[in-house]
Amino acid sequence: MISGKEREQIAQAIQAAGDPAPLESIHPVSGGSISRTFRVETNNRRYMIKMHETAPADFFQKEAEGLRLLKHAGELGVPHVFYVDKHSIVMEWVEGLRAPDTDEKLGRGLARLHRDHTSSQGFGLSFDNYIGQLPQPNGWQDDWLTFLREKRLGFQAELAVKQGCFSRERGKKMERLLQSLDQWIDPQQVRPSLLHGDLWGGNWICGPDGVPYLIDPAVFYGDREFDLAFSEMFGGFSSAFYQAYREEYPLSPGYEERKPLYQLYYLLVHLNLFGESYGPSVDRILRRYGG
């Protein structure tokens, strides 16, 4: 159901996006766990509108900035953003059917994004953003291990402590892990690649002619293996995707050993968002790397 207030807000957002035509249809779209999402149609075009009344004031602005970074890179499809404010974001509606080469295009496009779009300023980003609905601090850091330790793993671990999700034993193992990251990761081998940052199977879609599109990013510049590690956690990516990625940009030796360390970040995020059901997976990685 669509409330009268939502209908009014949608109409105002469409007008603010520069479309004066009356609304022809509004349909709720399933799949999002944070925002209310709608497909909206006027005489001029179709839109996707995401709305969240209690989101942080810059929540959708940060999403829009991430989408624009990825769109500017030009390696994969990215929805155009027409309008954004505190409570909503208006984008083009993207829809299409999977083609025989969709997965290959996705793999090669992601590989080119990682290989050809790097930062001379180091690891991080000039602004903070969000991972899901949790804050994701950035800033710039010359050293990848320091960024990973302080702005990713350490930050989420501290948040878990505040939320009562981290026992003293977990904290001890996390501290040992954070102090020994250089045993598994050689920072001299890591380049600051532009990352989607939240690359699970629900955050890419098919557009016209089977062109793959990226949505809902949590962008930053970091180790490309971060994106790949998360892509393997929940599925949604075919063997053709991974084969195409590796052909375009071969992985460095030792990826399988580093992968759980990077997956730990996303498990901590899920622990903080959804609770103890993710605790055993966190503990498994802590035991492996933190003793």
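Residues take their numbers from the sequence shown, with the count starting at 1. Note that the structure is predicted; figures quoted are calculated from it, not measured.
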Next item on the list: Check for a donor-acceptor pair, side chain of Glu6 on one end and backbone N or O of Ser3 on the other, with a separation under 3.5 Å.
Entry: yes
- Glu256 bridged to Lys259 by N-O distance under 4.0 Å: yes
For this session: Spell out, as yes or no, whether a donor-acceptor pair under 3.5 Å connects the side chain of Arg149 to the backbone of Leu178.
Result: yes
Checklist entry - Got Leu286 and Glu169 here, is their nearest side-chain heavy-atom distance under 4.5 Å? => result no
Hits for ring-ring contact (aromatic ring centres under 6.0 Å, His included) against Phe241, two or more places apart or cross-chain, chain-then-number order -> Phe237
For Leu97, the hydrophobic cluster (side chain heavy atoms closer than 4.5 Å, chained through members) also holds none
Taken to the nearest 0.5 Å, the spacing of Ile131 CD1 from Leu273 CG works out to 8.5 Å
Using 4.0 Å as the upper bound for N to carboxylate O, is an ion pair formed by Lys105 and Asp101? yes
* Does Lys50 pair with Asp216 as a salt bridge, N-O distance under 4.0 Å? -> yes
Only one of Phe60, Phe220, Phe59 passes ring pair (Phe, Tyr, Trp, His ring centres under 6.0 Å) with Tyr130, and that residue is Phe59
Transitive ILVMFWY side-chain link Ile89 to Ile49, under 4.5 Å:
no
Sorted by chain and residue number, the side-chain hydrogen bond (donor to acceptor under 3.5 Å, both in side chains) partners of Tyr265 (sequence neighbours excluded) come out as Gln136
For Thr146, the side-chain hydrogen bond (donor to acceptor under 3.5 Å, both in side chains) test, sequence neighbours excluded, returns Asp143
Next item on the list: May I ask you to say whether Arg98 pairs ionically with Asp103, meaning some side-chain N is under 4.0 Å from a carboxylate O?
Entry: yes
From the list Arg108, His114, Gln243, side-chain hydrogen bond (donor to acceptor under 3.5 Å, both in side chains) partner of Glu248 resolves to Arg108
Between Phe230 and His196, ring centroids under 6.0 Å
no
Just say parallel, tilted or perpendicular for the rings of Tyr262 and Phe226, cut-offs at 30° and 60°.
tilted
Q.
Do Leu76 and Trp204 make a side-chain contact, defined as non-hydrogen atoms from C-beta onward lying under 4.5 Å apart?
A. no
Taken to the nearest 0.5 Å, the spacing of Tyr221 OH from Gln121 CD works out to 8.5 Å
When rounded to the nearest 0.5 Å, the distance separating NE2 of His87 from OG1 of Thr54 is 9.5 Å
Looking only at heavy atoms, the pair that brings Arg176 and Gly290 closest together is NE-O, 2.6 Å
Donor-acceptor under 3.5 Å (Glu92 side chain, His80 main chain)
yes
- Can you tell if the side chain of Leu271 reaches within under 4.5 Å of the side chain of Glu276, non-hydrogen atoms only? yes
| message | Is there a path of hydrophobic side-chain contacts, each under 4.5 Å between heavy atoms, that joins Leu145 and Ile285? | response | yes
*Does any non-hydrogen side-chain atom of Leu148 lie less than 4.5 Å from one of Ile185?*
yes
Tell me whether Arg224 forms a cation-pi arrangement with Tyr245, defined as NZ or CZ under 6.0 Å from the six-membered ring centre and within 45 degrees of its axis.
no
| request: State whether the number of non-hydrogen atoms from other residues, nucleotides or ligands found under 6.0 Å of Asp209 atom CG is greater than 12. | output: no
d(Asn272 CG, Leu134 CG) to nearest 0.5 Å is 6.0 Å
Can you find a pair of side-chain heavy atoms, one from Glu63 and one from Leu67, that are under 4.5 Å apart?
yes
- prompt: Is the shortest side-chain N to carboxylate O distance from Arg46 to Glu24 below 4.0 Å?
  reply: no
- Message: When you compare the side chain of Ile2 with that of Pro28, does any pair of heavy atoms fall below 4.5 Å?
- Response: yes
One should read off an interatomic distance between Gln12 CD and Arg7 CZ, to the nearest 0.5 angstrom, of 13.5 Å
For the residue pair Gln9 / Glu53, report whether a side-chain donor-acceptor contact shorter than 3.5 Å exists. yes
Query raised in the report: What about Val78 and Val94, same hydrophobic cluster or not, with Ile/Leu/Val/Met/Phe/Trp/Tyr joined at side-chain heavy-atom distances under 4.5 Å?
Result: no
Residue pair Leu110 / Glu75, side-chain heavy-atom distance below 4.5 Å: no
Sorted by chain and residue number, the side-chain hydrogen bond (donor to acceptor under 3.5 Å, both in side chains) partners of Arg45 (sequence neighbours excluded) come out as none
Mind checking whether Tyr83 and Trp93 sit in one hydrophobic cluster, side chains of I, L, V, M, F, W, Y counted as touching below 4.5 Å? no
Sub-3.5 Å donor-acceptor pair from the side chain of Asn138 to the main-chain atoms of Gly124, do we have one?
-> no
Got a donor-acceptor contact below 3.5 angstrom from the Thr102 side chain to the Ala99 backbone?
-> yes
> Does some side-chain heavy atom of Gln156 sit less than 4.5 Å from a side-chain heavy atom of Arg152?
Replying inline: no
Across all chains, not counting sequence neighbours, the ring-ring contact (aromatic ring centres under 6.0 Å, His included) partners of Tyr278 are His270
OH (Tyr47) and CG (Asp19) are apart, to the nearest 0.5 Å, by 3.0 Å
For this session: Please confirm whether the backbone N or O of Asp198 pairs with a side-chain atom of Asn203, one donor and one acceptor, at under 3.5 Å?
Result: yes
key: Under 3.5 Å: donor-acceptor pair, side chain of Asn129, backbone of Val219   = yes
